[in-house]
Amino acid sequence: MSTKLEEIPQNLTTADKFTGKKVVDREGIHYGKVKHIHINSDTLTVSGVTIHEGFRKNYYLTNDYIDKFTKESLLLNSPPVRVDSQVVDIDGHKIGKVKRLHRNPDTKALESIEVTDGLIHSRILSKSEIWGVGEKIILKMTKVQYKKLD
């Protein structure tokens with residue numbers, strides 16, 4: 001026996017309609033596709049999404065990054081810092097890649113990133129050392145200044 005659903009507001013939709021939608025930011029940079037939508041079981045609100053960015057590359061974004069869902073995509077209000085993103089200095093010279101993200105355990109806010117510039121060498125940089133985020137992570141320092149860090 002089925003029941004007819006009545007009086008459902010038009011602006012409501014199911015979360016599974018958004019899986020597989022592309023994820024883009026305001027610059028038009030494509031970050032992958034929505035894999036999962038995470039719902040806070042206490043408040044019944046969206047707490048974040050898992051993004052699938054290719055072969056076995058998934059990452060989680062909190063709802064702080066989400067601007068809005070559209071019929072075709074998930075729009076981000078700011079670009080995310082991701083593992084394996086290329087890191088460049090303030091002049092655009094390549095430094096390395098993001099090896100690991102360090103987040104606050106309570107708020108999940110980004111505190112620092114670990115940048116690897118080879119097989120062995122890596123440095124931890126605070127969030128305040130990041131000048132910009134987009135297709136690449138741009139630091140507030142030159143490559144010479146980066147190499148002098150301990």
Side-chain angles (χ1 to χ4, degrees), residues 5 8-143 145-146 149:
L5 297 175
I8 295 179
Q10 290 183 349
N11 64 343
L12 293 184
T13 187
T14 59
D16 57 347
K17 284 189 178 183
F18 295 106
T19 56
K21 304 271 183 175
K22 62 184 175 179
V23 179
V24 295
D25 69 5
R26 293 178 183 213
E27 303 293 320
I29 300 170
H30 184 263
Y31 292 97
K33 295 186 176 187
V34 176
K35 184 172 184 179
H36 302 291
I37 297 177
H38 303 274
I39 308 293
N40 182 317
S41 59
D42 295 329
T43 62
L44 298 179
T45 59
V46 174
S47 61
V49 292
T50 299
I51 308 299
H52 178 69
E53 186 193 25
F55 185 68
R56 298 181 69 171
K57 281 181 110 177
N58 297 320
Y59 56 95
Y60 176 77
L61 292 179
T62 62
N63 65 347
D64 299 331
Y65 288 98
I66 299 171
D67 186 16
K68 65 180 172 180
F69 289 97
T70 68
K71 289 183 180 183
E72 297 181 14
S73 62
L74 166 60
L75 300 176
L76 303 178
N77 56 23
S78 62
V81 175
R82 302 166 296 158
V83 172
D84 290 334
S85 294
Q86 188 176 20
V87 178
V88 297
D89 72 356
I90 195 75
D91 298 321
H93 300 109
K94 183 179 176 182
I95 289 181
K97 288 189 172 187
V98 176
K99 180 178 181 180
R100 187 173 294 124
L101 303 175
H102 300 275
R103 298 185 181 275
N104 181 305
D106 297 327
T107 64
K108 303 294 183 205
L110 182 67
E111 292 181 340
S112 62
I113 60 173
E114 186 173 346
V115 178
T116 180
D117 55 2
L119 295 174
I120 301 172
H121 299 96
S122 67
R123 291 180 174 88
I124 296 177
L125 301 172
S126 72
K127 180 181 171 181
S128 64
E129 296 295 331
I130 298 173
W131 181 80
V133 179
E135 290 185 54
K136 299 175 183 176
I137 310 298
I138 304 169
L139 301 179
K140 291 181 179 177
M141 62 185 78
T142 64
K143 193 169 187 173
Q145 292 169 323
Y146 173 81
L149 295 174

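Between K33 and E53 no salt bridge is recorded (no basic side-chain N to carboxylate O distance below 4.0 Å). At a threshold of 4.0 Å, the pair K97-D117 does not count as salt-bridged, since none of the basic side-chain nitrogens sits closer than that to a carboxylate oxygen. Salt-bridge formation is detected for the pair D67/R26: a Lys NZ or Arg NE/NH1/NH2 atom is positioned less than 4.0 Å from an Asp or Glu carboxylate oxygen.
Between the NZ atom of K35 and the NZ atom of K57 there is a distance of 14.0 Å, given to the nearest 0.5 Å. Annotation: the span from S85 atom OG to E135 atom CD amounts to 10.5 Å, rounded to 0.5 Å. Rounded to the nearest 0.5 Å, atoms NE2 (H93) and CG (L139) are 13.0 Å apart. Atoms OH and NE2, on Y59 and H52 in that order, are 11.0 Å from each other to the nearest 0.5 Å. Here the CG atom belonging to N77 is positioned 9.5 Å from the CG atom belonging to N63, to the nearest 0.5 angstrom. Note that CD of E129 is 13.0 Å distant from NZ of K127, once rounded to the nearest 0.5 Å.
In terms of heavy atoms, T116 sits closest to K99 at CG2-CB, 4.0 Å. Shown here for I90 and I138, the closest heavy-atom pair between the two residues is CA-CG2, 4.1 Å. N104 and D106 make their closest contact through OD1-N, 2.7 Å (heavy atoms, listed as atom of the first residue, atom of the second, distance). Heavy-atom minimum distance, Y146 versus L125: CE1-CD1, 4.0 Å.
The number of heavy atoms from other shown groups lying within 6.0 Å of NZ (K143) is above 12. Counted within 6.0 Å of NZ on K17, heavy atoms from surrounding residues, nucleotides or ligands total 12 or fewer; the atom is thus considered open.
In this structure, D89 contributes its side chain and D91 its backbone to a donor-acceptor pair below 3.5 Å. For S126 (side chain) and E111 (main-chain N/O), no donor-acceptor pair under 3.5 Å exists by modelled atom type.
A heavy-atom distance below 4.5 Å is not found between the side chains of I51 and N58. Residues L75 and V24 form a side-chain contact, since some pair of their non-hydrogen atoms from C-beta on lies under 4.5 Å apart. Between L61 and T50 the shortest side-chain heavy-atom distance does not fall below 4.5 Å. Put simply, the side chain of R123 does not reach to within 4.5 Å of the side chain of E114, judged on heavy atoms. Proximity of Q86 to K94: side-chain heavy atoms (C-beta onward) are separated by under 4.5 Å at one or more points. Proximity of I130 to I137: side-chain heavy atoms (C-beta onward) are separated by under 4.5 Å at one or more points. By the 4.5 Å heavy-atom criterion applied to side chains, I95 and V88 are not counted as neighbours. Using a 4.5 Å heavy-atom cutoff, the side chains of M141 and L149 are in contact.
Residues passing the ring pair (Phe, Tyr, Trp, His ring centres under 6.0 Å) test with F18, sequence neighbours excluded: F69. For S73, the side chain to side chain donor-acceptor pair (under 3.5 Å) partners two or more places apart in sequence, or in a different chain, are T70.
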Show me the donor-acceptor pairs within less than 3.5 Å that the side chains of residues 41-48 make with the rest of the protein, sequence neighbours left out.
{"from": "T43", "atom 1": "OG1", "to": "T45", "atom 2": "OG1", "distance (Å)": "2.8"}
{"from": "S47", "atom 1": "OG", "to": "H38", "atom 2": "O", "distance (Å)": "3.3"}

> Step by step, would you call D84 with V98 a side chain to side chain contact (heavy atoms under 4.5 Å, CB included)?
Replying inline: CA-CA 5 Å; D84 290 334; V98 176; over 6 Å; no

> Hey, mind stepping through V34 and V23 against side chain to side chain contact (heavy atoms under 4.5 Å, CB included) and telling me if it holds?
Replying inline: CA-CA 7 Å; V34 176; V23 179; 3.7 Å; yes

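Side-chain atoms of D25 and Y31 form a donor-acceptor pair, as typed in the model, at a separation below 3.5 Å.
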